[in-house]
Amino acid sequence: MSNFKPPFENQVVLITGAASGFGKILAEKLSAQGAKLVLGDINVTGVQEVANSLGDHCIALGCDVTKEADVKALSDAAIETFGRLDIAVNNAGSSSHMKSLLEVTEEELDFNFNVNAKSVFFGIKHQVPHMIKQGGGCILNVASMAGIKGAAYLTGYVAAKHAVVGITRTAALEFATHNIRINAVCPFFSPTPLVTKGIKPEYIERAVKGNPMKRLGSPDEMVNAMLSIIAPDNTYLTGQAIAVDGGVSA
Ligand SMILES: NC(=O)c1ccc[n+]([C@@H]2O[C@H](COP(=O)([O-])OP(=O)(O)OC[C@H]3O[C@@H](n4cnc5c(N)ncnc54)[C@H](O)[C@@H]3O)[C@@H](O)[C@H]2O)c1
């Protein structure tokens with residue numbers, strides 16, 4: 001008889017932005033491997049539907065990641081419900097409309113920083129103390145290729161995702177001795193609602209032409225890469241911004 005255990009069995013995993021796209025697929029894949037899930041999203045109905053579809057080992061909370069109290073409440077819910085927090089994936093993010101830097105308003109810049117960068121800062125700030133108490137943990141921040149390269153007409157998003165990489169590297173250094181691994185994943189374009197609704201098709205076509213694989217990565221491929229970064233036996237990987245990009249950054 002095989003002694004194989006799925007790597008995420010009984011791991012308590014928190015995911016923000018779990019009502020759609022990468023976050024939803026990640027929740028489904030982790031649930032199939034026996035993880036216990038704490039799901040948050042500003043789309044309360046959507047995230048509740050995801051949790052209901054997965055089962056009793058998942059809880060869902062309305063959570064606006066731009067609000068520190070909401071982000072704290074999500075981490076606290078992991079402890080109250082499951083007694084610990086093994087892995088946190090700070091995935092929720094968004095972008096204002098594409099436009100020239102010269103036309104970007106202060107409000108749009110703030111929107112990008114609040115939803116993409118401050119959210120990750122709040123996440124780490126309230127996830128790490130629980131992980132220190134329990135002797136370790138793992139945090140994955142969803143940045144973007146826009147966190148390591150420029151992207152014309154996406155100034156606010158690019159700046160905020162670069163901030164995510166900076167916060168990730170710094171936090172990894174601060175908490176390495178507490179056995180807490182902190183990494184960022186940097187996906188190339190992938191057809192989730194964020195991209196299919198928010199990015200002009202001609203922009204995507206140009207991006208595909210410049211990609212060594214001549215195609216986008218599927219949401220499934222992106223999530224598989226995330227699973228490998230957070231896998232509990234991936235114990236020496238920390239402080240990295242890992243591109244999942246079909247070779248664009250090679
Ligand atoms: N799809 C891509 O091509 C791509 C590429 C690089 C990085 N990313 C990043 O991946 C992450 C997930 O995006 P996705 O592509 O799955 O998009 P998506 O739009 O399908 O999902 C994003 C989720 O985040 C939630 N969300 C938005 N604002 C929120 C807030 N203030 N508080 C809580 N939840 C909020 C949305 O309701 C949604 O459920 C984002 O951080 C995005 O920037 C996506």
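These numbers come from the heavy atoms of this one structure, side chains and all, not from hydrogens, waters or symmetry mates. Position 1 is the first residue of the sequence, and the numbers go up from there. For ligands, and for the atoms within them, numbers begin at 1 and follow the listed sequence.
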Is any N or O atom of [X], backbone or side chain, closer than 3.5 Å to an N or O atom of ligand 1?
| X | answer |
| --- | --- |
| Asn91 | yes |
| Val115 | no |
| Met145 | no |
| Ile42 | yes |
| Tyr157 | yes |
| Ser94 | no |

Region of Met222 engaging ligand 1 - heavy atom pairs below 4.0 Å: neither

Any Ala143 heavy atom less than 4.0 Å to ligand 1: yes

Whether Asp64 lies under 4.0 Å from ligand 1, heavy atom: yes

More than 12 heavy atoms of other residues, nucleotides or ligands under 6.0 Å from [atom1] of [X]: yes or no?
| X | atom1 | value |
| --- | --- | --- |
| Lys214 | NZ | yes |
| Glu103 | CD | yes |
| Lys29 | NZ | yes |

Residue and atom name of the nearest protein heavy atom (relative to atom 17 (O) of ligand 1), distance in Å to one decimal: Leu194 CB, 3.2 Å

Minimum non-hydrogen distance to atom 15 (O) of ligand 1, winning option of Thr192, Asp41, Val71: Thr192

